[in-house]
Amino acid sequence: MWPRTQRTWAHKGVMRMALLSDLLGRPVADAQGQSIGKLADLLVPANEDYPAIVAVAIKPAHGETLVVLWDQVEVEGDGRTLRLRPMWDAVPPYQPSAADLFLAGQVLDRQIIDVNGVRVVRANDLHLERTNGSLRLLSVDVSTPGLLHRLGIEGPAQRLASVFGGQLAHIAIDWRDIDPVETGPHGVRLRIPAEDVAKLHPADLAAIIGQLDHYHAEQALEAMEVEQAADTFEEIEPELQASLIEAMDPERAADILEEMDPDDAADLLAEIDPERQAEILGRMEADEARDVRELLGYPEDSAGGLMTTDFIALPQHVTAQEAIEIVRREAAEIDNVYTLCVVDDDGRLTAVLSLRDLIVALPAQRVGDIPHQDPVAVQADESQDRAAQLIARYNLLALPVIDEEGRIHGIVTVDDAMDVILPAAWKKRLPRIFS
């Protein structure tokens with residue numbers, strides 16, 4: 001992906017360029033050489049690949065910052081001082097437009113998503129090139145040396161690195177790969193092709209979102225397709241999940257929750273304000289909302305509170321061939337197709353089959369006649385610990401959850417049971433069984 005995105009070079013190569021951090025704070029003199037202030041910022045048009053500086057912001061010793069066109073400024077021979085061509089009181093002020101980007105104010109220290117490295121990086125400095133009397137923006141330095149240079153300690157750090165036979169390399173992201181559409185207070189973001197985002201695993205996208213500030217996390221989710229956003233949401237830490245869903249447009253939130261597993265959607269909605277919860281449920285499709293409401297009705301620490309209503313129930317009178325067709329049809333919407341619950345006409349659980357049991361059965365054999373052991377199940381009001389213990393004892397992929405009449409209401413999957421058994425630090429190391 002993006003062979004031109006990142007450049008790496010050694011310290012000496014970088015210093016042939018102008019760095020924004022070296023320019024900021026430089027003295028600015030008037031036409032007679034009298035100091036009038038310091039350089040506070042540089043402005044570029046946001047819609048160009050390698051934009052030239054169009055204006056500079058000057059902070060005087062007293063008074064408000066003045067923005068003037070670049071052609072009103074010249075660089076002194078020592079390269080350290082900027083001089084205004086006209087007198088200070090004769091400089092025409094420049095009114096920045098919505099297309100102008102303040103490099104120090106809107107890019108420096110902002111977050112940038114690096115899809116190649118599946119992480120969020122920080123704009124530690126900006127590289128500019130002097131061409132024909134102007135400065136052009138080339139790239140954004142996202143490396144530690146870039147930050148060390150701003151702090152004035154890159155030299156000692158480089159010397160220390162050389163003692164150990166190494167060198168600290170500057171890594172930069174090409175400005176062409178920056179999407180400068182966000183020219184507000186939140187800065188800029190990396191231009192990420194949709195096809196590249198689509199290739200990322202939801203866990204990687206969740207890791208990126210977990211590193212972003214709240215505003216950019218919201219924007220990242222907003223840019224995703226609903227199904228991808230739902231898969232990513234299921235991987236995000238619960239506290240952040242609740243915060244993001246609270247801030248999201250209720251229609252968008254409802255669309256995402258409809259795509260999530262019902263138990264995950266219920267767990268998320270249980271953490272937010274009841275009024276907001278009701279608003280989102282009211283915008284969900286009736287079937288999905290009914291399933292989530294049912295799960296919300298169970299105590300949090302019960303088997304019912306742990307279960308999902310996404311499971312396959314096979315009528316006991318259908319044949320194995322007909323059952324395979326049911327599984328094939330349901331598999332488009334349900335992740336867990338490995339544990340199949342067999343029910344009678346009243347919805348009572350009569351058997352539990354594996355997908356293998358169904359495949360090896362004779363096509364004309366009734367599902368209720370396929371050999372099986374007595375099903376292991378848990379009642380909805382029993383504890384989550386009880387459900388987890390049964391899954392561990394009988395080595396199950398899923399455990400049916402029934403009511404007092406034996407009617408099945410859902411299943412507890414092994415990955416959800418692990419959430420009960422294992423400490424949080426260990427949970428993150430395990431793959432999700434049905435993802």
Side-chain angles (χ1 to χ4, degrees), residues 230-231 233-235 238 241 257-271 287-314 327 330-331 333-344 347-358 372-424 426-435:
D231 291 341
F233 236 97
E234 292 181 354
E235 301 289 343
Q241 275 187 339
L257 289 170
E258 286 171 0
E259 293 292 332
M260 293 173 65
D261 290 341
D263 55 329
D264 291 327
D267 289 343
L268 173 52
L269 286 175
E271 298 298 321
D287 290 344
E288 283 82 358
R290 183 182 62 249
D291 288 343
V292 173
R293 283 193 178 97
E294 178 185 350
L295 294 172
L296 286 169
Y298 292 104
E300 184 179 353
D301 59 351
S302 68
L306 188 61
M307 74 179 182
T308 177
T309 55
D310 273 355
F311 66 97
I312 295 179
L314 300 173
V327 172
E330 296 288 339
E333 300 294 333
I334 295 177
D335 290 332
N336 180 15
V337 298
Y338 309 103
T339 300
L340 309 171
C341 301
V342 181
V343 297
D344 63 16
R348 287 189 291 265
L349 181 70
T350 62
V352 176
L353 303 177
S354 68
L355 188 58
R356 179 185 180 280
D357 293 332
L358 188 61
H372 62 272
Q373 296 179 337
D374 290 338
V376 178
V378 66
Q379 290 201 2
D381 59 359
E382 293 188 72
S383 70
Q384 292 185 357
D385 289 339
R386 173 64 175 163
Q389 290 166 5
L390 289 173
I391 285 177
R393 179 185 302 170
Y394 294 102
N395 196 27
L396 303 175
L397 289 178
L399 175 71
V401 180
I402 59 176
D403 61 20
E404 293 180 352
E405 303 298 324
R407 290 184 292 268
I408 184 167
H409 289 263
I411 59 173
V412 175
T413 59
V414 63
D415 55 334
D416 285 335
M418 291 302 100
D419 286 346
V420 175
I421 296 172
L422 295 178
W426 280 92
K427 293 176 198 173
K428 296 179 181 178
R429 303 185 188 184
L430 294 177
R432 292 184 65 86
I433 301 296
F434 302 116
S435 62

Query raised in the report: Has the side chain of Gln241 got a donor or acceptor atom that lies under 3.5 Å from a matching backbone atom of Phe233?
Result: yes
Query raised in the report: Between Val337 and Ile334, what is the shortest heavy-atom contact and its length?
Result: CG1-O, 3.7 Å
Query raised in the report: Is the backbone of Asp261 close enough, under 3.5 Å, to the side chain of Glu234 for a donor and an acceptor to pair up by distance?
Result: yes
Report task. Work out which heavy atom in Leu390 is nearest to a heavy atom in Ala377; give both atom names and the distance. Result -> CD1-O, 3.8 Å
Requested in this report: Tell me, with the steps shown, if Ile312 and Glu330 meet side chain to side chain contact (heavy atoms under 4.5 Å, CB included).
Outcome: CA-CA 7 Å; Ile312 295 179; Glu330 296 288 339; 3.8 Å; yes
Requested in this report: Calculate, to the nearest 0.5 Å, the distance between atoms CD and CG belonging to Gln389 and Leu399 respectively.
Outcome: 11.5 Å
**Report entry** Flag side-chain contact, heavy atom, 4.5 Å: Met307 against Gln384
**Finding:** no
Requested in this report: Starting from the C-alpha separation in whole Å, work towards a yes-or-no answer on side chain to side chain contact (heavy atoms under 4.5 Å, CB included) for Asp263 and Asp416.
Outcome: CA-CA 9 Å; Asp263 55 329; Asp416 285 335; 2.7 Å; yes
Requested in this report: Give a yes-or-no answer on whether the side chains of His409 and Asp403 include a donor-acceptor pair shorter than 3.5 Å.
Outcome: yes
Report task. Write down the atom of Phe311, the atom of Cys341, and the distance for their closest heavy-atom approach. Result -> CD1-SG, 4.3 Å
Query raised in the report: So which heavy atom on Ala387 is nearest to which on Ala303, and how close?
Result: CB-CB, 4.2 Å
Query raised in the report: Counting only N and O atoms by type, is there a donor-acceptor contact under 3.5 Å from the side chain of Asp344 to the main-chain atoms of Gly347?
Result: yes
Query - Ser302 backbone acceptor or donor facing Ser383 side chain under 3.5 Å - result: no
**Report entry** Atom pair CG/CG of Leu295 and Asp267 - distance to nearest 0.5 Å
**Finding:** 8.5 Å
Query raised in the report: Tell me, do Val292 and Leu269 make a side-chain contact under 4.5 Å, heavy atoms counted?
Result: yes
Query - No-hydrogen, no-angle side-chain donor-acceptor test under 3.5 Å, Thr413 and Asp415 - result: yes
**Report entry** Gap separating the OG1 atom of Thr350 from the NE2 atom of His372, nearest 0.5 angstrom
**Finding:** 6.0 Å
Report task. Could you tell me which non-hydrogen atom of Val343 sits nearest to which non-hydrogen atom of Ile408, and how far apart they are? Result -> CG1-CG2, 3.7 Å
**Report entry** Stepwise side chain to side chain contact (heavy atoms under 4.5 Å, CB included) test for Leu396 and Val414
**Finding:** CA-CA 7 Å; Leu396 303 175; Val414 63; over 6 Å; no
Query raised in the report: Is there a donor-acceptor pair under 3.5 Å between the side chain of Glu404 and the backbone N or O of Gln379?
Result: no
Report task. Heavy atoms only: give me the nearest Met260-Ala265 pair and the separation to one decimal. Result -> CE-N, 4.2 Å
Query raised in the report: Going through the checks in order, is the side chain to side chain contact (heavy atoms under 4.5 Å, CB included) test met by Val412 and Ile391?
Result: CA-CA 9 Å; Val412 175; Ile391 285 177; 3.9 Å; yes
Query raised in the report: Val342 versus Leu349: any side-chain heavy-atom pair under 4.5 Å?
Result: no
Requested in this report: Could you check if a side-chain atom of Ile411 sits within less than 4.5 angstrom of a side-chain atom of Thr339, using non-hydrogen atoms only?
Outcome: no
